[in-house]
Asker: 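Once you've had a glance at the structure underneath, I'll fire off some questions.
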Amino acid sequence: MCAQEAFQAQRSQLVELLVSGSLEGFESILDWLLSWDVLSWEDYEGLSLLGQPLSHLARRLLDTVWSKGTWGCEQLVAAVREAQADSQPPELPGCWNPHSPHPARDLQSHRPAVVRRLYSHVDGVLERTQEQGFISRYECDEIRRPIFTSCQRARRLLDLAAVKANGLAAFLLQCVQELPIPVALPFEDAACKKYMSKLRTTVSAQSRFLSTYDGAENLCLEEIYTENVLEVRTEGGMAGPPQQSPATLSLGELFSPQGHLNKDADTVLVVGEAGSGKSTLLQQVHLLWASGQAFQEFLFVFPFSCRQLQCLAKSLSLQTLLFEHCCWPDRGQQDVFQVLLDHPERILLTFDGFDEFRFRFTDHERHCCPTAPTSVQSLLFNLLQGNLLKNARKVLTSRPDAVSASLRKHVRSELSLKGFSEEGIELYLRKCHREPGVADRLICLLRATSALHGLCHLPVFSWMVSKCHQELLLQGRGSPKTTTDMYLLILQHFLLRASPLDSAAQHLGPGLLRGSLPTLLHLGRLALWGLGTCCYVFSAEQLQAAHVDSEAVSLGFLVRAKSVVPGGTPPLEFLHVTFQCFFAAFYLALSADVPPSSLRHLFHGHRPGSSPLAKVLPKLCVRGSGCKKGSVAHLLQEAEPHNLQITAAFLAGLLSQEHRGLLAECQVSEKALLQRQACARWCLARSLHKHFRSIPPAVPGEVKSMHAMPGFIWLIRSLYEMQEERLARDAVRRLNVGHLKLTFCSVGPAECAALAFVLRHLQWPVALQLDHNSVGDIGVEQLLPCLNVCKALYLRDNNISDRGFCKLVEHALCCEQLQKLALFNNKLTDGCAHSMARLLACKRNFLALRLGNNHFTAVGAQVLAQGLRANASLQFLGFWGNQVGDKGAQALAEALRDNQSLKWLSLVGNNIGSVGAQALALMLEKNMALEELWLSNNHVTSRGAEALLQALEQNDTILEVWLRGNNFSPEETEQLSQRDTRLLL
């Protein structure tokens, strides 16, 4: 067999070899092939496309080389050997002519050595080439992109030299010869290179398959990963202008410079609710790095799980943490560790699940020595502060409530993981179900079942829908409505899978549940003990103590955890922390060992005043705190508040009338079950009443306002899980507030369903403010049942599109109380303009419409103008931050000429010029109702201002016309301001 035939026969092995390293290694191979003239410049350009998977580039390289015959195949093998060899690339010839007639050719012939020489000096050379005018600022910035390593920047500079005919190649030739001969790179040390390869292989093996939500099968992460909505968090005073929507990032922009809180910090904080996909996001980061597809600016990536780190009881050093609990160097440990200390900027450390770390963050204990042992919490806290491995990048994930103000001081940027968009839900289901028709039927089911659709914006629920697709599609019973319904469905799925095939049960009937009850109660006791001790990873001894045997493990709710302790049997953990909470609630609902009175502690919180629920719940709900250690009451007092909230909602759902029959068949004592139901109802009702009574009285002249906290949301969720109309009605019958504020409360579609279920029973109309949440179109649909009691609805920054707005308007037309809508900073376009016009034309008592910072153009403004002509009630119209332009301004001005109700109009930042300003001036000559006109940040010139001044001479009603941020010189600004003080420039 000739060399070329052998080359083709071993193609799969060659592809595996080429992709086993990083993109840096692949480009090094291209350097050698270019220098030997194996590749033409056209060949090289086709093999260096950014964003292409490394496997695609590897196959294209093999095709290219094979087409060049035996010689080309042999040269590729030689190039791979050179790139993998421990020896340095050949040095530049000492007699190299700096005035060579073919400088570009010389640079290419010695490309590996030139890249090596430029490595430590590429930024300086870039500055010189830009100063001399050989490259533009844009070209310089492109080369300096943070995703590129120093070698990759050097290559891209050489690539420019090969195509530019302005003398850049000759200049670089001279610069390279003037640079000092480099010493050996520490990364090219044999021991270091071997460790980097081992680390990459280890991380790849750990991240390639997704088993977090499934103990029965391994899912290939690359095949099913679907990006979540990732936003730069902009809570009060944080990044971004106050009237701008938070920036949405792709995963590749995880280290984007947007939204920096502390530029001296190194930690990126990713917050999200339980089940929003934080762990999977980190796993994808690890996989992309290990496969060379992204994040190649890091040479070392060390992944850690906080729930497992807290299992490390002995003191340890930073070196021990990295090497013994992540990846061990086979040789040269001290040399490798020194490289890490010398080059922290090439290191990424990830810490998943900080909310499951039982130690609270503190910055009081400083530890700076990388070799001195200390506690694991001290190591973690000092890494996050930068006292250890300063300039190494860290990514920390957590639920929002677990992040303290003291921790946020050490955060570079904070990102919020919002879960799946509607498109994300569909894409995920299509990736999971490639069989013809299955995904389409599931998507149709979700669209027809808004409650279930609302749950699926959290990836954990989308996974459940995928797992239970047969039950959902084949059963004639109603679809799940609540979170508890969904978890009972997945419980049924796992029990049916473990039951004999001749079992007649096709749903979670009493027989199926009763047969597995002892096993499920053992899992529940383990789950509750874990919550009470902040333990989420269980050893064999702990499983045995809880009587969790192999039969219980075989059900699939416990999966292997990635152990941070070398050797031994891998510990087990629940599929997800929400499953642990569900089984704890199951135990509380059904175990004969649980005194009904102990359930009161579930709603209290484990430390006085530490939980939002503790502040909400009356003291009467909780007896003395002297509980026996290990008792149910003690475990509930010691559990983390956010886990208690989830468990409380599950318990409320299990004790609902919907599931009472199911539990009654399994409950030894029906009396105990009734007592538990009564206790849960009483605690929920009393908690809400206490919360409402704590609302301060209204300020004279203003409506009574209530700013709810996340703990209030969970009480509402618990009421919704019980699905008892009378209980919900009784809970809010005494609530008399004019304004209910729920901003930054992580309100998604599921929370909207719960709010509507409870708030629709209010006896007095309320202004409901849900700004800065994740309502979306599905959440809008869930809110519709309570629209009748809303006099105003505020939905700023909620990812709402035309579909959601049109549904909202359709129902608003029938709601006499609703007079104000605010949906600025969303995704509205001209597509919903007809609904806007219809709302104004048909709703005769409507007062305020604020739709700023959306995507309306002149077309939408012209349609809106039709509704304005027929409206005689609107007083406030906010349309800032759109793109209506002069034509849109003209249409609005014409519609408002005879309007007698509008007092306030904002067209700030709408690309309006003097033509539009003149049209608005003509409107002011006739309109004697408008008091404020905002035209700041447009393109109005002195001609437009002159027209407005003339209109002001005839109009005594208008109080302010704002023109700041327009095209006026300082002299014009001074002159115009003096002519009329109402013109604000």
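Just so you know, residue 1 is the first one in the sequence shown, and it goes up from there.
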Asker: Which residue pairs pass the ring pair (Phe, Tyr, Trp, His ring centres under 6.0 Å) test when at least one of the two sits in residues 848-867, sequence neighbours left out?
Answerer: Phe856-Phe879
Asker: Run the side chain to side chain donor-acceptor pair (under 3.5 Å) test against His834 and tell me which residues pass, sequence neighbours left out.
Answerer: none
Asker: What residue pairs, at least two apart or across chains, pass salt bridge (charged side-chain N to carboxylate O under 4.0 Å, His left out) with a residue in residues 933-960?
Answerer: Glu946-Arg979
Asker: For His939, which residues count as a ring-ring contact (aromatic ring centres under 6.0 Å, His included) partner, sequence neighbours excluded?
Answerer: none
Asker: Can you tell if the side chain of Leu877 reaches within under 4.5 Å of the side chain of Leu868, non-hydrogen atoms only?
Answerer: yes
Asker: Is there a side chain to side chain contact (heavy atoms under 4.5 Å, CB included) between Asn927 and Leu902 once you walk through the steps?
Answerer: CA-CA 9 Å; Asn927 183 306; Leu902 196 69; 5.7 Å; no
Asker: I need the Phe420 CZ to Cys456 SG distance, nearest 0.5 Å.
Answerer: 9.5 Å
Asker: Roughly how far, to the nearest 0.5 Å, is the NE2 atom of His433 from the CZ atom of Arg441?
Answerer: 11.0 Å
Asker: Is the backbone of Val758 close enough, under 3.5 Å, to the side chain of His761 for a donor and an acceptor to pair up by distance?
Answerer: no
Asker: Tell me if a side-chain donor or acceptor on Ser936 pairs with a main-chain N or O of Gly965 at a distance below 3.5 Å.
Answerer: no
Asker: Can you tell me if Asp485 uses its side chain to pair, donor with acceptor, with the backbone of Thr482 under 3.5 Å?
Answerer: yes
Asker: In the structure I gave you, are the side-chain heavy atoms of Met923 and Leu930 within less than 4.5 Å of one another anywhere?
Answerer: yes
Asker: For residues 753-771, pull every pair meeting salt bridge (charged side-chain N to carboxylate O under 4.0 Å, His left out), keeping only residues two or more places apart or in separate chains.
Answerer: Glu725-Arg760
Asker: Name all residues meeting the side chain to side chain donor-acceptor pair (under 3.5 Å) criterion together with Ser914; count only those two or more places apart in sequence or in a different chain, and write none if there are none.
Answerer: Thr941
Asker: What pair of heavy atoms forms the shortest contact from Ala861 to Val884, and how long is it?
Answerer: CB-CG1, 3.8 Å
Asker: A side-chain contact here means heavy atoms from C-beta on lying under 4.5 Å apart; do Val737 and Trp764 qualify?
Answerer: no
Asker: Within the 4.5 Å heavy-atom criterion, are Ser479 and Leu445 side-chain neighbours or not?
Answerer: yes
Asker: Are there more than 12 heavy atoms of other residues, nucleotides or ligands under 6.0 Å from atom CD of Glu227?
Answerer: yes
Asker: Can you tell me how far the CG atom of Leu935 sits from the CG atom of Leu984, to the nearest 0.5 Å?
Answerer: 11.5 Å
Asker: What's the verdict on side chain to side chain contact (heavy atoms under 4.5 Å, CB included) for Ser462 and Ile425, showing C-alpha distance, side-chain angles and the deciding distance?
Answerer: CA-CA 7 Å; Ser462 290; Ile425 294 172; 4.1 Å; yes
Asker: If every non-hydrogen atom of Leu952 is compared with every non-hydrogen atom of Val961, which pair is closest and at what distance?
Answerer: CD2-CG2, 4.0 Å
Asker: Determine whether Ser466 and Leu429 make a side-chain contact, defined as any pair of heavy atoms from C-beta on separated by less than 4.5 Å.
Answerer: yes
Asker: Is a side-chain N or O of Asn798 found less than 3.5 angstrom from the main chain of Leu770, in a donor-acceptor match?
Answerer: yes
Asker: Between Lys887 and Ala858, what is the shortest heavy-atom contact and its length?
Answerer: CB-CB, 4.0 Å
Asker: Taking Asn937 for its side chain and Gly909 for its backbone only, find out whether a donor-acceptor pair lies under 3.5 Å.
Answerer: no
Asker: With a 4.5 Å limit on heavy-atom distance, are the side chains of Leu787 and Leu808 in contact?
Answerer: yes
Asker: Do Glu932 and Lys903 pass the salt bridge (Lys or Arg N to Asp or Glu O under 4.0 Å) test, and can you show the C-alpha distance, the side-chain angles, and the key distance before you say yes or no?
Answerer: CA-CA 6 Å; Glu932 289 186 51; Lys903 297 179 179 180; over 6 Å; no
Asker: Listing request: all salt bridge (charged side-chain N to carboxylate O under 4.0 Å, His left out) pairs with a residue in residues 801-820, at least two apart in sequence or in separate chains.
Answerer: Glu422-Arg803, Glu781-Lys807
Asker: Going by the rule ring-ring contact (aromatic ring centres under 6.0 Å, His included), which residues pair with Phe757 if we only count those two or more places apart in sequence or in a different chain?
Answerer: Tyr720
Asker: For side chain to side chain contact (heavy atoms under 4.5 Å, CB included), just list the numbers for Glu894 and Arg869, CA-CA rounded to whole Å, side-chain angles, deciding distance to a tenth of an Å, and then say yes or no.
Answerer: CA-CA 9 Å; Glu894 187 175 337; Arg869 288 191 182 93; 4.0 Å; yes
Asker: Measure the acute angle between the ring planes of Trp904 and Trp880, then classify it against the limits of 30° and 60° as parallel, tilted or perpendicular.
Answerer: perpendicular
Asker: Roughly how far, to the nearest 0.5 Å, is the CD1 atom of Ile716 from the SG atom of Cys745?
Answerer: 11.5 Å
Asker: Listed by chain and number, what are the side chain to side chain donor-acceptor pair (under 3.5 Å) partners of Asp980, not counting sequence neighbours?
Answerer: Arg982
Asker: Which one of Asn799, Val780, Asn826 satisfies the side chain to side chain contact (heavy atoms under 4.5 Å, CB included) criterion with Val775?
Answerer: Val780
Asker: Quick check: closest heavy atoms across Gly867 and Leu840, and the distance to 0.1 Å?
Answerer: O-CB, 3.8 Å
Asker: Less than 3.5 Å apart, any donor N or O on the side chain of Ser718 or Glu721 sitting next to an acceptor on the other?
Answerer: no
Asker: Would you say Asn911's side chain and Gln883's backbone share a donor-acceptor pair under 3.5 angstrom?
Answerer: no
Asker: Within this structure, what is the CG-CG distance for the pair Leu896 and Leu905, rounded to the nearest 0.5 Å?
Answerer: 6.5 Å
Asker: Return yes if a side-chain donor-acceptor contact under 3.5 Å exists between Glu724 and Ser656, otherwise no.
Answerer: no
Asker: Would you mind reporting whether Leu976 and Leu963 have side-chain heavy atoms less than 4.5 Å apart?
Answerer: no
Asker: Looking at His689 and Asp730, would you say the former's side chain and the latter's main chain have a donor-acceptor pair under 3.5 Å?
Answerer: yes
Asker: Identify the heavy atoms of Leu455 and Lys481 that sit nearest to each other, and give their distance.
Answerer: CD1-O, 4.1 Å
Asker: The criterion is salt bridge (charged side-chain N to carboxylate O under 4.0 Å, His left out); which residues satisfy it with Glu426, sequence neighbours excluded?
Answerer: Arg447
Asker: Output every pair passing salt bridge (charged side-chain N to carboxylate O under 4.0 Å, His left out) with a member in residues 825-853, not counting sequence neighbours, ordered by first then second residue.
Answerer: none
Asker: Measure the SG-CZ distance between Cys468 and Phe461 for me, rounded to the nearest 0.5 Å.
Answerer: 11.5 Å
Asker: List for me each residue that meets side chain to side chain donor-acceptor pair (under 3.5 Å) alongside Thr248, sequence neighbours excluded, and say none if there are none.
Answerer: none
Asker: Look at the side chain of Asn854 and the backbone N and O of Gly852, then say whether any donor-acceptor pair between them is shorter than 3.5 Å.
Answerer: yes
Asker: Kindly indicate, with the supporting measurements, whether the criterion side chain to side chain contact (heavy atoms under 4.5 Å, CB included) is fulfilled by Gln763 and Arg733.
Answerer: CA-CA 7 Å; Gln763 297 180 3; Arg733 71 175 184 271; 3.8 Å; yes
Asker: Where the side chain of Asn228 meets the backbone of Ser276, is there a donor-acceptor pair that is under 3.5 Å apart?
Answerer: yes
Asker: For Gly878, does its backbone N or O pair with a side-chain atom of Ser906 as donor and acceptor, under 3.5 Å?
Answerer: no
Asker: Do you know the tightest heavy-atom contact between Leu742 and Asn773?
Answerer: O-ND2, 2.9 Å
